[in-house]
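Okay, structure first, notes after.
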Amino acid sequence: MNEQIQPSTIRVFIALAPPDDAKDELARALAPAYAAYPRMRWNRIEDWHITLAFLGELPVSAAGLLRPPLAELAAARRPVELAMRGGGHFDERVLWSGIEGDLEGLHLLASEVRGVVKEAGVVFPERPLRPHLTLARARRDDPSSVVEAAAGLSGFVGRPWRSRRLHLVGSNIGRGPGPIHYRDIEAWDFDGGR
């Protein structure tokens, strides 16, 4: 009998996801980097997201506590208009695309999300919001690829898009040797102002 053991904890974050056509636009701009730097650990396009609150490793039951207040928050909020622009890197190891648009609205949404999480009694690491979309990570023996790929994105200007949903996301990090994959635990439409 081959039973799969369910983990008692899950790595969780709350995020926005660009629409597919905006992601496709950025993927086209990344085509030269994909070809030039195949050894970089590229994030899957379907996993691209803007983290509003990173909650870390939580008991699986904590996700249930967050569902009702996050649903209520999303129902009361209007979408935020954003766009992806340019590229950069963290410590020559992490390649990202920048975010522009209604950054004030994005920071306010992140603050509200973090408030809801705290009210639900979930303790998480407080980190400042640095709006970006993580695209890839360099391998330890490859210090230049990320810097060069970021330079190749410097002129990229993506089309504006509206955030449609608030995502509660879990990842399999630390659950095996393969790449990190994310999955929605649940997602809610922004309904405010309709």
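Values below: every heavy atom of this structure, side chains too, minus hydrogens, waters and symmetry copies.
Between the CZ atom of Arg85 and the CG atom of Leu26 there is a distance of 13.5 Å, given to the nearest 0.5 Å. One distance of note links CG of Asp142 with CD of Glu148; it measures 8.0 Å at 0.5 Å rounding. A distance of 14.5 Å separates CG in Asp189 from CZ in Arg77, rounded to the nearest 0.5 Å.
Within the 4.5 Å cutoff, the side chain of Leu16 has no heavy atoms near those of the Arg162 side chain. Side-chain contact between Leu135 and Ser97 is present, with heavy atoms from C-beta onward closer than 4.5 Å. Between Glu100 and Leu82 the shortest side-chain heavy-atom distance does not fall below 4.5 Å. In this structure, Leu58 and Thr9 have side chains that are not in contact, with every pair of non-hydrogen atoms separated by 4.5 Å or more. Annotation: side chain of Lys118 is not in contact with side chain of Val122 (no heavy-atom distance under 4.5 Å). The shortest distance between side-chain heavy atoms of His89 and Asp91 does not fall below 4.5 Å. Between Ile185 and Ile10, some side-chain heavy-atom pair lies under the 4.5 Å cut-off. Counting heavy atoms from C-beta outward, Leu52 and Arg114 have side chains that stay 4.5 Å or more apart.
Within a 6.0 Å sphere centred on CD of Glu81, heavy atoms belonging to other residues, nucleotides or ligands number more than 12. Within 6.0 Å of CD in Glu104 there are 12 or fewer heavy atoms belonging to other residues, nucleotides or ligands. Within 6.0 Å of CG in Asp21 there are more than 12 heavy atoms belonging to other residues, nucleotides or ligands. Shown here is Arg165, whose CZ atom has more than 12 heavy atoms of other residues, nucleotides or ligands within 6.0 Å.
The two residues Tyr182 and Ser171 make their nearest non-hydrogen contact at CD2-CB, 3.3 Å. For Asn43 against Thr134, the heavy-atom pair with the smallest separation is ND2-O, 3.2 Å. Nearest approach of Phe124 to Phe54, heavy atoms of both residues: CD1-O, 3.8 Å. Across all their heavy atoms, Ala15 and Thr51 have their closest contact at CB-CA, 4.1 Å. Shortest non-hydrogen contact noted between Ala120 and Leu65 is O-CD1, 4.1 Å. The heavy-atom pair separating Ala75 from Asp191 by the smallest distance is O-CB, 3.4 Å.
The main-chain N or O of Pro79 is never found under 3.5 Å from a side-chain atom of Arg164 such that the two would form a donor-acceptor pair. In this structure, Glu25 contributes its side chain and Arg159 its backbone to a donor-acceptor pair below 3.5 Å. Distance alone, capped at 3.5 Å, is enough to place a donor-acceptor pair between the Ser163 side chain and the Val80 backbone. For the pair Ser154 (side chain) and Ala151 (backbone), a donor-acceptor distance under 3.5 Å is present. Under a 3.5 Å cut-off, the side chain of Trp42 and the backbone N or O of Tyr37 do form a donor-acceptor pair. For Arg93 (side chain) and Ala138 (main-chain N/O), a donor-acceptor pair under 3.5 Å exists by modelled atom type. With hydrogens and angles ignored, the 3.5 Å screen pairs no side-chain donor or acceptor of Asp184 with any backbone N or O of Ala187.
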* To do: May I have the step-by-step check of side chain to side chain contact (heavy atoms under 4.5 Å, CB included) for Val12 and Val169, ending in yes or no?
  => CA-CA 6 Å; Val12 178; Val169 184; over 6 Å; no

* Decide yes or no on side chain to side chain contact (heavy atoms under 4.5 Å, CB included) for Met84 and Val157, but give the supporting numbers first. => CA-CA 6 Å; Met84 293 171 286; Val157 179; over 6 Å; no

* To do: Could you check Leu166 against Ile14 for side chain to side chain contact (heavy atoms under 4.5 Å, CB included), going step by step and ending with a plain yes or no?
  => CA-CA 7 Å; Leu166 182 64; Ile14 300 163; 3.7 Å; yes

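Note: the hydrophobic cluster containing Trp96 does not contain Ile50 (ILVMFWY, side chain heavy atoms under 4.5 Å, direct or indirect links). Following chains of ILVMFWY side-chain contacts shorter than 4.5 Å, one can reach Leu129 starting from Leu133, so the two form part of one hydrophobic cluster. When hydrophobic clusters are built by joining Ile, Leu, Val, Met, Phe, Trp and Tyr residues whose side-chain heavy atoms come closer than 4.5 Å, directly or via intermediates, Leu73 is grouped together with Trp188. In the hydrophobic cluster analysis, where Ile, Leu, Val, Met, Phe, Trp and Tyr join through side-chain heavy atoms closer than 4.5 angstrom, Tyr34 is grouped together with Met40. Under a hydrophobic-cluster definition in which Ile, Leu, Val, Met, Phe, Trp and Tyr are linked whenever side-chain heavy atoms come within less than 4.5 Å, directly or via other members, Trp161 and Leu103 are assigned to the same cluster.
Ring centroids of Phe13 and His49 are separated by less than 6.0 Å, placing the two rings close together. Taking the six-membered ring for Trp and the full ring otherwise, His132 and Phe90 have centroids separated by under 6.0 Å.
For the pair Arg44 and Asp47, the salt-bridge criterion is met [side-chain N within less than 4.0 Å of a carboxylate O]. Taking the charged nitrogens against the carboxylate oxygens, Lys23 and Glu46 have no contact shorter than 4.0 Å, which rules out a salt bridge.
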